[in-house]
Structures are given as structure tokens and as C-alpha cells.
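Accompanying notes for the structure given below.
Start at 1 and go down the list; that is how both ligands and their atoms are numbered. Because the structure is predicted, anything quoted here is derived from the model rather than measured.
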Amino acid sequence: MAFEITAKDLAGRVGKLYTKSGVIETPTLFPVVDPRKQEIPLSIIKQYFGQVITNSFFVYRLTGGRVVDVKKLLGWDGIIMTDSGAYQILRYGTIDVDPDEILVYQDKIGTDIGVILDLPFDYEEPYDSALLKVEETIRRAKRAATTLLDRLSMLVVGPIQGGVYFDLLARSAREISRLGFPILAIGSPTTLLEEYRFDVLLEAVLHVKANITREAPLHLFGAGHPLILPFAVALGVDLFDSASYILYARDNRIMLRDRTLRLDDVRTEHLPCSTKLCYKTVKELREMTQEERTLLIAEHNLAVLREEILEIRQRIHEGTLWEYLEIKARAHPTLYRFLKSLGRYKRLIEEYDPETHPQPHGLILFSDTASSRPEPFRHRMRLANTHPTSKIAIVLNIAEKPYNRSWEYLYVKKVAGDRAHVLFYDPVFGIVSEEVAEVYPLSQNEAEGEDEAARAHAYEWLSQYDLILAYNIDLPILGKKVVKLQSLEEVSLYI
Ligand SMILES: [Zn+2]
């Protein structure tokens, strides 16, 4: 296998991708470089990223189809990925090269990771022609898989398509995933990103993830903003490529971890950043030539993208990727909406999410998004596989965790022994039974507020008992079965 997973959180993972020129630690990003005119010296890119992507169609055109060493051509000694020119089809309608030829060409020029030539489309494509393009790309992928894959020394990417037609995406994902490509990719979401339609893009990623093999790394084409990266990783994307660092720089747009800042809008003497590039004053930046400025901003943008990637990897190791999404979601309403709506896919995410982490950190839970997280869902599923140990329940709503080390629990246990099933009401997880109170993360969390789903879970679970002694909690829906205790001493009156 070319890909080895070393840590997981949600559907995200940290891994190692083995190429013939070296190992890539994932998640990561391939900065896009242009063989025709590269404004940012590759020696600068090398300080931030060990891999780049370039367009093999441009190399082909530039050399008249001659076989050259693409690394020499670019002056790059790291890992190189090439794409096939599909994006040029999107922009200019057609390119004059045979799909098999451009794939073999990528291998011959020394590419480490190559992409088959798909027929991309943006999300405005009518359904019928989208369907035709998807089918043609699947046909090309099948042909490449059966006749070319074994003969090539590079890793080959199988592109998955469908735009915003989720049925097409699912079908494309299933078919391409079956063909044995060492890397899978989702094609051409750039137009969605340009329009800040993060939620649509992320939902497309989910539909792909639900229909591909777990083992293969997944590449998302054209996504390169620090706001979108952690969300895409959390849904299972491992690789990105983007020209954003330079496109933004040309436009005097400065990437920050949570937003983009226009140089014109900066009101302070220095940028709110401490990369060595930002030692320059804003005045100096404004007064230099556009070329000099582009170089500095592009390098700053690369530094910020690298910082973002490193943060995401650390979060995965810690098991706090969701907490990180909570922070990022506040930066844009579509991201917040998306995070809340993730509940619809919690079954999928729960399947990927590891139950614990090597050095588990306590969870930080917020009541408005808690029910979208895998942990409360997992807890309720597990509890559903257990049974009441008595027909009498004692429900304690207390703050101390672990709940079963509280004085309230110890006292009740002494009085009731095994004659009652002692339960705790947790405002996020719902009912926690005494047997599982110390299971991760039921006592390793800090929570804010109360989730409606926790209430609903309490009513559902408690309806199984004949008598419920409730301490510090009102349960009106359960009616006469409930006795509200004024003090714990009253327990002895009922048991
Ligand atoms: Zn900076």
C-alpha cells in the first residue's frame, strides 16, 4: 500500500503517502506552480512544502510533446504531482491531446503522482451533459486501470465527478473506487469555493466519502483556503492542491487563518501576523512594486497555509478536531450551518471516528452542535444495547464527574444497593448509567448548556422503568411514574 494511516479523528487522518521520490505526510497541500512562468521561486516554496503540482498539459505544449525531466524543467527536487489539463478543458472548452497519451506522458517526464484526463464541469452543468461526462470519465478510468496502471511507475489518481448531483457523485465514487487507483480525487470544486458555497462543496465530499474505500487517500482539487481545509479534512480529505497563495497575492489579498484581509483594508502599522515577511510595515508594503509585494504576500500565504495544515495534524493527534471546527465555523455562516447539519451524517462519521485517542484530551462540548458530534450518538447506541438492572431507577442530575465517584452516588448506592438502577442525567449525552459513567468521554468533557437531544434521550430511556426517583431534575412527560426527591434521604422511603 502506498498510504499508511498513523492517527485518526472524525473521518480525518494523519498519514504517510509513499511516492517514488519520497514520503509525503498528510493531510497536506500541493502548491500549484506554472511551468511557463513561475513568479515565486521554487526555492521559496520548498521552505514551506515538500511537494508541488503542475499542469502536464502546459509542459506538453511548452516542449511540443517532447519527453523532458519535469523536475529539471522546473528546478524542483522535491515530490511532484502533475494534473492532466482537465481544468483547461473547463476554461477553454477542449484540449488537443489524447487522454491515454497525456497519462503516459506524465509518467515519462518523471511525475511522482499523475492524474487521468477527466472531463470536468462546474456545478452549473445541466444534468444530462454532466451524466455523459461522468460516464466518459469512468470509461477512461477503466481503460487506464486495465491497460496502463501496472506499467506506470507513478501513483495514478482516479478522479471522481458529479458536481452537485449527489447521485452522480455517489455512482462515480463507487465505480472509480473499485478500479484500484492508489489515490482518489474529487474534481473541480473551484467555482463553488469562489462563491463561498462551502456547505455544498463539503456535502459533495461527504457523498464521495460514503462511497469509496477507506484505505485510499482522497484529494480535493482546487481547495486552498485555511477556512475550508479543516472541514474537508474532518470529512476524510487527505490531499489538496491550490494556486490560492499566488492568486490572492497578485490581488493584494492576505490570507489569515480565519479570513482574508485586503491590504487596502489594513488600518494598523503592521499586519496581524508574525511571519518574518510581516516585519515590513504596511506602508512599506504599499510603496514597493507590485512584483515585490506579490512575492512577499505569496510567501506569507504559503506560511499561513502550512501553519493551518500543521494545526490540523496536531488536532487529529489530540482528538480535538471537532473543537477546532467549532472555532472555524464562527468565521462564516455557511460553515456554521454546515457544522450543525453534520448531524445528518453522524452515522458515517461515527464509523470513521476512533473511540479514543492515544492521549485523550477532554472534549469541549457546546449544546448547539453537540448532537452533530459522533460521541453522544455513539454513547446512546451503546447504552441501547444494555438493559435496566431493576424496575426502579434513581436519576441523579449532578455536576461532579466521574458521576459514580460523587458523594450523591455513593450515598444512594449505600441505601439502595442493587435494588435500584442508578442513572445520571448528562445535559449533552442524555442518560448515563452507573455501569458506564467512567467510559471515555463521559467524564472527560466540559459542556456548555443543555442539548434537547439529551432530554429526549432521557425520556426514551426512562420509560422502561416502573418507578423513577428523580433528584434535581423535572421529568413531566413521564407523569406518575416519577417521584421528585426533595433530598436523597427520601430514597429509603421507596426502596
Ligand atoms: Zn505574515
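Rounded to 10°, the angle formed at the Zn ion (ligand 1) by Cys278 SG and Cys273 SG is 110°.
Atom NZ of Lys346 has more than 12 neighbouring heavy atoms from other residues, nucleotides or ligands inside a 6.0 Å radius. Residue Lys72 places its NZ atom among 12 or fewer non-hydrogen atoms of other residues, nucleotides or ligands, all under 6.0 Å distant.
Classified by interplanar angle (parallel below 30°, tilted 30° to 60°, perpendicular above 60°), the ring pair Phe221/His219 is tilted.
In His300, the N, O or S atom that comes nearest to the Zn ion (ligand 1) is ND1.
Seen from the ring of Phe58, Arg36 counts as a face-on cation partner, given the 6.0 Å and 45° thresholds.
Distances from the Zn ion (ligand 1) show that Thr275 has an N/O/S atom below 2.8 Å.
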